[in-house]
Amino acid sequence: MTDQDYNFAYLDEQTKRMIRRAILKGLAIPGYQVPFASREMPMPYGWGTGGVQVSAAVLTPEDTFKVIDQGADDTTNAVSIRSFFQRTAGVTTTTKTSDASVIQTRHRIPEEALTEDQILVYQVPIPEPLRFLEPRESETRKMHSLEEYGLMHVKLYEDISRHGHIATSYAYPVKVEGRYVMDPSPIPKFDNPKLGDMAAIQLFGAGREQRIYALPPYTQVVSLDFEDHPFEASKADHPCGLCGAEESYLDEVIVDDAGGRMFVCSDTDYCDARQAAGYKGKDAA
Amino acid sequence: MTPLLSVQGVTKRYGAHIGCADVSFELYPGEVMGIVGESGSGKSTLLNCMAGHLTPDAGQVVFDTRADGPRDTVTMSEPERRMLSRTDWAFVHQHARDGLRMGVSAGGNVGERLMAVGERHYGDIRSKATDWLERVEIDAGRVDDRPTTFSGGMQQRLQIARNLVTGPRLVFMDEPTGGLDVSVQARLLDLLRGLVRDMGLSAIIVTHDLAVVRLLADRLMVMKSGRVVEAGLTDQVLDDPQHAYSQLLVSSVLQV
Ligand SMILES: Nc1ncnc2c1ncn2[C@@H]1O[C@H](COP(=O)(O)OP(=O)(O)OP(=O)(O)O)[C@@H](O)[C@H]1O
Ligand SMILES: [Mg+2]
Ligand SMILES: [Zn+2]
């Protein structure tokens with residue numbers, strides 16, 4: 001098959017229209033999970049087919065596209081999604097956060113503040129935050145429609161009773177505009193405060209579960225907690241070994257055969273930019 | 001005095017088959033009503049119609065709400081009805097696993113209703129849960145254990161604690177002692193009797209077991225083929241049944 005055999009961004013126009021409608025509905029009802037008819041994509045589900053379909057529906061030829069996987073632009077997953085859209089949409093791609101107009105992400109929000117000219121597309125494995133305790137879809141739908149969210153706190157209660165603190169550190173549940181409880185996808189809870197009041201549009205796509213949800217710019221997003229166990233956006237208590245950043249989310253990486261470790265920014269673009277600007281961490285070469 | 005619950009002409013069909021037909025009665029605050037009858041006589045159907053789990057085909061179930069006085073719960077909105085069922089109502093299932101979250105600790109099970117009505121202080125929720133475990137004679141040290149590690153009797157007591165923690169005014173129970181060993185049943189009955197007395201609970205208890213109603217119920221309704229064939233004070237109905245079917249029921253049980 002040659003490139004010309006593809007529609008722009010792979011999906012046919014009718015499918016894109018259907019997905020755009022779901023996105024618009026999601027933006028109109030922030031945090032509400034909109035069902036959509038997910039299409040077969042030329043990649044397995046675990047690879048972010050929900051995010052890919054959302055990106056395909058919003059990309060235009062003028063866009064500049066960036067893909068990050070756990071903060072990095074260079075993982076197999078990120079590279080293959082980026083090249084997929086290079087091939088099927090011919091869009092310019094970038095690794096620079098500030099140059100991108102559409103960013104598809106798995107497990108992170110970029111460190112650099114996003115702007116009103118940008119769209120952040122999340123890949124979502126399990127969109128239903130209540131699934132953990134209530135497997136029946138008919139019941140969770142009712143709980144959302146009637147705002148019966150006591151169960152969400154049961155999950156946090158269980159966390160504290162078992163670990164002494166809220167141990168949920170990824171996919172930490174949030175309440176949107178005082179209404180819908182939402183799973184922010186498996187981003188670290190360190191990123192939760194960035195979800196709220198963000199200038200960019202945030203779109204969430206779950207392929208296998210066929211759900212799309214959204215946060216329009218400047219939406220109120222509150223992480224759930226208890227009065228005596230307030231939410232904390234924690235991270236490893238170190239500066240980045242390469243760029244010295246104190247405020248960024250860090251990954252612990254093994255650096256040699258002797259089990260040596262160091263903490264580095266998970267957002268590779270952010271770290272590279274800081275190093276290029278002359279910042280140096282204690283482990284920098 | 002306003003009845004806490006006033007049931008008028010409640011009828012539920014399953015297709016052409018009758019679940020319960022034209023049942024009417026009133027329950028006053030602090031009263032315990034027993035419903036007895038053979039298997040298939042419509043006891044659970046009636047109970048579920050009253051508790052909002054089933055929608056009756058005809059009739060009214062009027063509950064004296066705290067906020068607005070008597071309201072027909074059949075025609076009120078679903079959110080209102082669900083709010084009642086986690087605040088002023090409680091429902092104890094025959095099988096504890098139907099009324100518990102088996103994957104959640106005992107404390108989480110008891111705390112759920114508190115969190116559902118907006119309690120957000122972990123320490124308070126936990127201490128209320130612990131108190132309630134002790135009230136139903138479960139060692140407070142089991143607060144973090146899952147109900148899967150509990151015996152059948154403990155599970156049933158946990159289910160009761162989970163239901164009573166928000167101080168409901170009306171408790172629906174469907175065979176609360178069914179499926180338990182006799183000695184375990186006796187202990188549970190004692191506990192229930194104490195709670196009903198101490199909390200001034202109003203309750204409707206469905207059971208096969210006339211010993212249960214003798215011990216707990218002020219009044220009794222006897223059901224047959226979906227209809228109430230006899231109703232009255234418990235001792236009167238049990239000691240001097242009027243209807244032929246009640247006589248049969250009482251005598252057959254006494255022989256057991
Ligand atoms: N879901 C249903 N569909 C069809 N018929 C039903 C259904 N549930 C109950 N019935 C019928 O309605 C009648 C009343 O049943 P119900 O379960 O209320 O009796 P019960 O008195 O609670 O019996 P048991 O003591 O065995 O629990 C029975 O004839 C039963 O077969
Ligand atoms: Mg029954
Ligand atoms: Zn860095």
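Being a predicted model, the structure only gives us computed values, none of them experimental. Order of the sequence lines fixes the chain letters, A, B, ..., with proteins taken first and strands second; residue numbering starts at 1 for each chain.
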What are the residues of residues 134-148 of chain B, in order of number, with any heavy atom under 4.5 angstrom from a heavy atom of chain A?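 At a heavy-atom separation under 4.5 Å, chain A is reached by B/V143, B/D144, B/R146.
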
Any residue of residues 111-133 of chain B which, by heavy atoms, sits under 4.5 Å from chain A: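 So the qualifying residues are B/E112, B/M115, B/A116, B/R120, B/H121, B/Y122, B/G123, B/I125, B/R126.
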
Engaged part of [X] at the chain B interface, taking heavy atoms whose separation is under 4.5 Å:
X	value
A/L224	neither
A/H153	both
A/I160	both

Leading residue by heavy atom contact count with chain B [cutoff under 4.5 Å; candidates A/R162, A/K155, A/E134, A/K142]: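 Max contact count across the listed options: A/K142.
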
I want to check something: taking the side chain as every heavy atom from C-beta on, are B/M83 and A/E148 in contact at a cut-off of under 4.5 Å?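 The answer is no; the side chains never approach within 4.5 Å.
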
Measure across [X] and [Y] and return the closest heavy-atom pair with its distance rounded to 0.1 Å.
X	Y	answer
A/E158	B/S105	OE2-OG, 2.6 Å
A/L146	B/P79	CD2-CG, 3.2 Å
B/R101	A/L133	NH1-O, 3.4 Å

Enclosure of [X] [atom1] (heavy-atom neighbours >12, cutoff 6.0 Å):
X	atom1	answer
A/R17	CZ	no
A/D237	CG	no
B/R71	CZ	yes

